[in-house]
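One-based numbering along the sequence shown. The figures that follow rest on heavy atoms only: side chains count, while hydrogens, waters and symmetry mates do not.
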Amino acid sequence: MSTRIATLVGATGGAGTTRLTVESAALLAATGRSVAVFDAAVQTQGLAAYTDGRIDSDLTALLTGEADLAETLYEMGLDLPGTVSLCPAHAPFERLARAKTAGAANRFEQQLAAAAISHDAVLVDTPPIGGNQAIAAVEAADRVGIVAPDSYRGNDGLALAQERLADIGHSATVVIANHADEGPVAADVAVPESSVTTPREAPACVPTDEQFTPAVGAAVEQLLGFDIDIEPQKSGRLSGLLG
């Protein structure tokens, strides 16, 4: 049975976890799968930058019971066989505070499980473990990946992330070195820089990129257990993505 819920935890702030989560979701959509992406990083609210149009109801409204799941999912306008639906955090401070409670964290776990029923995969963009939402994202996940920038700072953050996971009774399924360039991070998968630099230009993995796309594919395969056969073409067109 394939894994349904996967949490990507940033080893440090600025690890590029949000971007890698979106890229992973897009690659899964390229294989015809439906994917839901949730923003557990409610403080920084990075997933909102990838969401098209106005955000009326967000993740914090879902966690406080002011909206249901369908109201908080926004489909990315991707020309792919599958779909990517984003559940961003985009809230005023008052609701943000209420969404950080232990009760809201319990509701978060429940909503992730509900999304797994209606989607082929659920990905959670998660900050360094410290708050209730991050812990809930790990507790709900079938598998957990740590995303560490390939630097000495990232290497130190990786060690701390592994310790914090152990503290709550979990371990990483896969360690991903992001922005990899023969740095110090010992990882299972190395993902290089891509040519795309802004959220509005993402995803970069589709159409295929000869280096970036296979690296994201390797990360997805190890994290989720899905087989993804990638055959990049020089023309840059998407080809050979099989579930």
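In this structure a side-chain-to-backbone donor-acceptor pair under 3.5 Å is present from Asp142 to Ile5. For Gln45 (side chain) and Val42 (main-chain N/O), a donor-acceptor pair under 3.5 Å exists by modelled atom type. A donor-acceptor pair under 3.5 Å is formed between the side chain of Thr7 and the backbone N or O of Ala137. One N or O on the side chain of Arg164 and one on the backbone of Ile129 form a donor-acceptor pair closer than 3.5 Å. Side-chain atoms of Arg143 come within 3.5 Å of backbone atoms of Gln222 as a donor-acceptor pair (strictly under, hydrogens ignored). With Ser24 contributing its side chain and Val220 its backbone, the two residues share no donor-acceptor pair below 3.5 Å. Not a single donor-acceptor pair under 3.5 Å links the side chain of Asn178 to the backbone N or O of Ala148. No donor-acceptor distance shorter than 3.5 angstrom exists from the side chain of Asp150 to the backbone of His179, with no hydrogens or angles considered. No donor-acceptor pair under 3.5 Å is formed between the side chain of Glu221 and the backbone N or O of Val216. A donor-acceptor distance shorter than 3.5 angstrom exists from the side chain of Glu23 to the backbone of Cys205, with no hydrogens or angles considered.
Taking a 6.0 Å sphere around CD of Gln211, one finds it holds 12 or fewer heavy atoms contributed by other residues, nucleotides or ligands. By the 6.0 Å contact criterion, CD on Glu201 is enclosed, its count of non-hydrogen atoms from other residues, nucleotides or ligands being greater than 12. Dense packing is recorded around CG of Asp167, with more than 12 heavy atoms of other residues, nucleotides or ligands lying under 6.0 Å away.
Between Val124 and Leu112 the shortest side-chain heavy-atom distance falls below 4.5 Å. No side-chain heavy atom of His90 sits less than 4.5 Å from a side-chain heavy atom of Arg54. Counting only heavy atoms from C-beta outward, the side chains of Leu123 and Leu224 approach each other to under 4.5 Å. For the pair Leu27 and Val206, the minimum side-chain heavy-atom distance is below 4.5 Å. No side-chain heavy atom of Val37 sits under 4.5 Å from any side-chain heavy atom of Met76.
For the atom pair CD (Gln110) and CG (Leu69), the distance works out to 12.0 Å, reported to the nearest 0.5 Å. The NZ atom of Lys100 sits 14.0 Å away from the OG1 atom of Thr64 when rounded to the nearest 0.5 Å. Here the straight-line distance linking atom CD of Glu193 with atom CG of Asp181 works out to 8.5 Å at 0.5 Å rounding. One finds the OG atom of Ser85 at 4.5 Å from the NE2 atom of His119 (value rounded to the nearest 0.5 Å). Rounding to the nearest 0.5 angstrom, the gap separating the CG atom in Leu62 from the CZ atom in Phe108 is 8.5 Å. For the atom pair Arg200 CZ and Thr198 OG1, the distance stands at 9.0 Å (nearest 0.5 Å).
Put simply, Leu158 and Val174 are part of two different groups of oily side chains (I, L, V, M, F, W, Y) that touch within less than 4.5 Å, one to the next. Placement of Val138 and Ile176 in two distinct hydrophobic clusters is found when ILVMFWY residues are connected by side-chain heavy-atom separations under 4.5 Å, directly or transitively. If you chain together hydrophobic residues whose side chains sit under 4.5 Å apart, Leu86 and Leu78 fall into the same group. Ile146 and Phe38 fall into different hydrophobic clusters, where Ile, Leu, Val, Met, Phe, Trp and Tyr side chains are chained together by heavy-atom contacts under 4.5 Å. Val9 and Leu223 fall into different hydrophobic clusters, where Ile, Leu, Val, Met, Phe, Trp and Tyr residues are linked whenever their side-chain heavy atoms come under 4.5 Å apart, directly or through other members.
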Determine whether Leu63 and Arg98 satisfy the following criterion, side chain to side chain contact (heavy atoms under 4.5 Å, CB included), listing intermediate values before the conclusion. CA-CA 8 Å; Leu63 301 188; Arg98 288 189 288 118; over 6 Å; no
List the steps and the verdict of side chain to side chain contact (heavy atoms under 4.5 Å, CB included) for Leu165 and Ser171. CA-CA 6 Å; Leu165 282 175; Ser171 61; 5.7 Å; no
Run the side chain to side chain donor-acceptor pair (under 3.5 Å) check on Ser151 and Arg153 step by step: do they pass? CA-CA 5 Å; Ser151 64; Arg153 176 171 169 266; 5.7 Å; no
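The minimum heavy-atom distance linking Asp39 with Leu59 is given by the pair O-CD2, 2.7 Å. Residues Glu139 and Ile168 share a closest heavy-atom pair of OE2-O, 3.9 Å. Closest of all the heavy-atom pairs between Val35 and Ala29 is CG2-N, 4.3 Å. When all heavy atoms of Ala134 and Pro128 are compared, the pair lying nearest together is CB-O, 4.4 Å. Closest heavy-atom contact between Asp209 and Ala204: CB-O, 4.1 Å. Looking at every heavy atom in both residues, Ala26 comes nearest to Leu80 through O-CD1, 3.6 Å.
Test Asp56, Asp52, Leu47 against Tyr74 for side-chain contact (heavy atoms from CB on, under 4.5 Å) and you get one pass: Asp56. Checking Thr17, Thr126, Thr21 one by one against Val147, the side-chain contact (heavy atoms from CB on, under 4.5 Å) holds for a single residue, Thr17.
Looking only at atom types and distance, the side chain of Asp125 has a donor-acceptor partner in the side chain of Thr18 under 3.5 Å away. Residues Arg19 and Ser194 have side chains that bring a donor and an acceptor to within less than 3.5 angstrom of each other.
Contact check on Arg95 versus Asp58 returns a salt bridge, with a Lys/Arg side-chain nitrogen under 4.0 Å from an Asp/Glu carboxylate oxygen.
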